[in-house]
Protein chains: 2
Amino acid sequence: MEVRAEYCEEHHVHKELVDSVKLDMPDEESLYDLVELFKVFGDTTRIRILYVLFESELCVCDIAELLSMSQSAISHQLRVLKQAKLVRSRREGKTVFYFLADDHVRTIIGQGMDHINE
Amino acid sequence: MEVRAEYCEEHHVHKELVDSVKLDMPDEESLYDLVELFKVFGDTTRIRILYVLFESELCVCDIAELLSMSQSAISHQLRVLKQAKLVRSRREGKTVFYFLADDHVRTIIGQGMDHINE
DNA sequence: ATAACATATGAACAGTTGTTCATACGTTTG
DNA sequence: CAAACGTATGAACAACTGTTCATATGTTAT
């Protein structure tokens, strides 16, 4: 006929499978948070910042110099990393030092590297 | 004076540290690939697709129905997931089934979940 | 061969994102 | 206090991304 069905006619999913899928699927909020976390890792500048912080804490201008980018651009991205709780900071006079918040960062990046190296 | 220095005047990074950072920093191509991988995880639709595939392989229309989205939208995203080698597919007549490529997917998502759960 | 179905894909459009620029904030020094 | 420095931030703009829509491709059945 002329009218398309919204989905395929013969469904391959069974009731038990649908239930099982819905059980394992995280709630809306967790899913959103998870996606936001991966979005943070999905940017070259932010990944580079995390990599330079692997070695030691650094101030904003040092990171900017190491990555050959403007202070403003780095500061904006450090804000994103901080909101995602991937880095923390401490002030020392005029200078603000940033450092990795915990070891999850290394683990997640490591797993990603494992994948792209087959 | 009136002219701003490009970077802070007193650098906190030392030569040894800079060398060490540059040593650990992956090459341009690996960094790019890593970022592209995380970008793939940074979308609600794609994460949802991966979650439903945790249970079993599914055809495109089943995924579309489970996520209440159009066949086209799902197909576009499956293409992205396939290019990232996170899913694979097999054809069976008119139907194409998609399934997880390997266990890195579970590991990476698991690590992400660990982080957001503090 | 034709029709119907399942999937794939190109174009377009809206929403999002990262950088730059200008400027504000917070701290130290004279 | 004012000036200088290091950092933070809002606005604007270009580049990118995900969905929709229309349509094409590939397979099966009549």
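Every chain is numbered from 1, with letters handed out A, B, ... down the list of sequences.
When distances run from any side-chain atom of B/Ala73 to the nucleotides C/dG18, D/dA8, D/dT19, the shortest one goes to D/dT19. Taking the side chain of B/Ser75 as heavy atoms from C-beta on, and the options C/dA8, D/dT9, D/dA8, the nearest nucleotide is C/dA8. Here C/dT19 is the nucleotide among D/dT7, D/dA22, C/dT19 with the atom lying nearest to any side-chain atom of A/Thr45. Listed nucleotides: C/dT7, C/dG18, D/dT20. Nearest to the side chain of A/Gln77: C/dG18.
Nucleic acid contact for A/Thr95: sugar-phosphate only, since backbone atoms but no base atoms lie under 4.0 Å from a heavy atom of the residue. Residue A/Phe97 is classed as having no contact, given no heavy-atom separation below 4.0 Å to the nucleic acid.
Note on B/Tyr32 and A/Leu67: separate hydrophobic clusters, where clusters join Ile, Leu, Val, Met, Phe, Trp and Tyr whose side-chain heavy atoms are under 4.5 Å apart, directly or indirectly.
Residue side chain B/Gln71 reaches the base of C/dA8 through a donor-acceptor N/O pair under 3.5 Å, judged by distance alone. A donor and an acceptor atom sit less than 3.5 Å apart, one in the side chain of B/Ser72 and one in the base of D/dC21. In the interface, the side chain of A/His76 is paired with the base of C/dT20 through a donor and an acceptor atom under 3.5 Å apart.
Phosphate contact (OP1/OP2 of D/dT7, side-chain N/O of A/Arg79, threshold under 4.0 Å): absent. Taking 4.0 angstrom as the limit, B/Tyr98 places a side-chain polar atom (N or O) nearer than this to OP1 or OP2 of C/dA8.
Taking the six-membered ring for Trp and thresholds of 30 and 60 degrees, B/Phe38 and A/Phe41 have ring planes inclined between 30 and 60 degrees apart.
Side chain of A/His115 to main chain of B/Leu34: no donor-acceptor pair is present (N/O by atom type, distance under 3.5 Å, no hydrogens or angles). A distance-only check finds a donor-acceptor pair linking the side chain of B/Asp62 to the backbone of A/Val13 [under 3.5 Å]. Between the B/Arg46 side chain and the B/Val40 main chain, a donor and an acceptor come within less than 3.5 Å of each other. Looking only at distances, a side-chain donor or acceptor of B/Arg106 sits under 3.5 Å from a matching main-chain atom of B/Phe54.
B/Thr45 and B/Gln77 form no side-chain donor-acceptor contact under 3.5 Å, judged by distance and modelled atom types alone.
Rounded to a whole Å, the NZ atom of B/Lys39 is 12 Å from the P atom of C/dT17. A/Asp62 has its CG atom 16 Å from the P atom of D/dC5, to the nearest Å. Rounding to whole angstrom units, OH of residue B/Tyr32 and C1' of D/dC16 are separated by 11 Å. Atoms CG (B/Leu67) and C1' (D/dG18) sit 14 Å apart, rounded to a whole Å.
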List the protein contact pattern of nucleotides 25-30 of chain D with one symbol per nucleotide (5' to 3'): B for base contact, S for sugar-phosphate-only contact, - for none; contact means a heavy-atom distance under 4.0 Å. -BBS--

